[in-house]
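What follows is a set of notes on a single structure, which appears directly below.
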2 protein chains.
Amino acid sequence: MTTDFTGGGDPRRSIELLWGLPPGPRPGPKPRFAVADVAAAAVEIADADGLGALSMRRVAERLGVSAMSLYTYVPGKAELIDLMFDRVLAEAPRDTVPLDEASGGWRDRLEAIARQNFALYQRHPWLLQVATSRPPLGPNVVAKYDHDLRAVDGVGLGDVEMDLVVQMVGDFVHGAARTAVAATQVAQRTGLTDEEWWERAGPALAKVYDPDATPIATRVGAAAGAEYNAAVDPSRAFEFGLARLLDGVAALIERATG
Amino acid sequence: MTTDFTGGGDPRRSIELLWGLPPGPRPGPKPRFAVADVAAAAVEIADADGLGALSMRRVAERLGVSAMSLYTYVPGKAELIDLMFDRVLAEAPRDTVPLDEASGGWRDRLEAIARQNFALYQRHPWLLQVATSRPPLGPNVVAKYDHDLRAVDGVGLGDVEMDLVVQMVGDFVHGAARTAVAATQVAQRTGLTDEEWWERAGPALAKVYDPDATPIATRVGAAAGAEYNAAVDPSRAFEFGLARLLDGVAALIERATG
DNA sequence: TCTTATCTCCTTACGCCGTACGGAGTTCGT
DNA sequence: ACGAACTCCGTACGGCGTAAGGAGATAAGA
């Protein structure tokens, strides 16, 4: 699968679209929709059938217009994906709550952030496939960055360290969500359950696989498979990784606050 | 960008392809290439121009055959990507070295693993776009799993914990590499340097962005931007995250070995 | 040696995709 | 009343993965 990219065109136009200035009175017929309606339709399609099923023609069909009409709302598909991206980020809980800690300590807050993001990826798996070089600087992207940073504000970290911690959590969550979503979707995408897959692949693999060539993989793979009742247990992997990660941050904060 | 998916077809056939049984004498003309040649050509294209530029027609052209001829080597594009995936994993250093630690402690070893993987993603950025639900169980995928596990073997962790640690490192590295690769490619992909981009987007953003609405993002973003001389510093983010992560693992091992 | 099954490789074609181009009809400022 | 600016659409181009089927080569079995 090739990933879809964001933001190819004119940056100024992209920013204006993202922040959605209300259209002044202009010549020509009134537009049938708002730009947000187009983004909403696109999100629905991507949620339901994946980014691979998202096409301009399909979005247009859902809105009841022709494909080319979309180009009066959006310069192209890349910008549409920018809008989708910013749009779904609006779903995140957005406590503008006190700067000094609201509930529990930083650890609870950072953990909550990680869980929110993990859940977001599960609601919109296509987010994982969007390559956000130069993430679309829409209102919700900024708001979410602010929201995430709040978790580690005022706990003794410098501004740059705060940014790095949030990035680290984001990177890990992205990776863990990727595994989790893959595990969820694999059966429906391939039309084969894990069991059916092994039924077919197993005998062939038995012929070529030498357990003694990679003894540790053999041992650990077997132990993990038995424990998970599957090749992976994504939610356990997420919980485990998150706990380690927070321990690492704790060590940093202890060192910083002396 | 839509991601390309691996492994849609018959599992048995996939396994056989991956492990490459030598072809016995059969009726019909001798094949012009080996399956590995096809995979090699595909990897070259993806390395050079990205996964988006990888098409069956293009691979065929590079090999000097027609597009449809490829289908005598490979059932489809998904399986070809499986082969590419397994192929590039062969590049990883593969010390079958002693099970008891070779160089330094587990921390040095695990750090080395992370760096190797980070570098691998940089050599083959398209790996980041391959959605590996049910990773292709080729010889090199297995060997790499074994290799990674060696870093944390015999340090007091249980088998399942070893698997989880390796998964966690993999998830984080994937995420960090994604950011790093995006930052590297963004200029050439969009045709705009960061500076040019800000020149165009900046004025528009200034009109809509309210610094006081998201004060922490404003403050931290400014501090980070000044420190990095850019929006992100991917290699610093990698180093920082990795250090925290290893601290977290250290805490786990201390607890385990009491 | 001849037949036949099976292989490689090819041409053609189908239904998708993003979107360039240009035309028709509508609505505003003047 | 005019003309500019707009929305919407039909058509078309060059790409994609790959289904279908044909031509020629090569092996095993008779």
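Throughout, a chain's letter reflects where its sequence line sits, starting with A, and its residues are numbered from 1.
Using a distance-only test at 3.5 Å, with no hydrogens or angles considered, no donor-acceptor pair links the side chain of B:Y209 to the main chain of A:V142.
For A:R13 and A:E79, the salt-bridge test fails: no basic side-chain N is under 4.0 Å from an acidic carboxylate O.
B:V59 and B:A41 make their closest contact through CG1-CB, 4.3 Å (heavy atoms, listed as atom of the first residue, atom of the second, distance). When all heavy atoms of A:G76 and A:V74 are compared, the pair lying nearest together is O-CG1, 2.9 Å.
Rounded to an integer number of Å, the gap from CG of A:L54 to P of C:dG18 is 7 Å. B:I45 has its CD1 atom 14 Å from the C1' atom of D:dC16, to the nearest Å. Put simply, CE on A:M56 is 10 Å from P on C:dA20, counting in whole angstrom units. If you take CG of A:L51 and P of C:dG18, they are 10 Å apart, rounded to a whole angstrom. Atom-to-atom, CG of A:L63 to C1' of D:dT7 comes out at 14 Å; the value is rounded to the nearest Å. Rounding to whole angstrom units, CG of residue B:D49 and C1' of D:dG15 are separated by 15 Å. Between A:L80 atom CG and C:dC17 atom P the separation is 14 Å, expressed in whole Å. When the P atom of C:dT19 is taken as reference, atom CZ of A:R57 falls 10 Å away, rounded to whole Å.
Using the six-membered ring where Trp is involved, A:H174 and A:Y121 have ring planes that are perpendicular, over 60° apart on the 30 and 60° scheme.
Residues of residues 64-74 of chain B that place a heavy atom closer than 4.0 Å to DNA chain C, in numerical order, are B:V65, B:S66, B:M68, B:S69, B:T72, B:Y73.
Summarising the local packing, CZ of B:R12 is surrounded by 12 or fewer heavy atoms from other residues, nucleotides or ligands at distances under 6.0 Å. The local environment of CZ in A:R58 is crowded, with over 12 non-hydrogen atoms from other residues, nucleotides or ligands closer than 6.0 Å.
You'll find that the side chain of B:P31 is closest to C:dT8, out of D:dT7, D:dG17, C:dT8.
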For a quick check, with a 4.0 angstrom heavy-atom cut-off, what is the B/S/- contact string for nucleotides 24-30 of chain C, read 5' to 3'?
-BBBB--

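Residue B:V141 forms a side chain to side chain contact (heavy atoms under 4.5 Å, CB included) with just one option from B:L18, B:D86, B:D82, and that option is B:D86.
In the model, A:D171 has no side-chain atom that pairs as donor or acceptor with a side-chain atom of A:Q167 under 3.5 Å.
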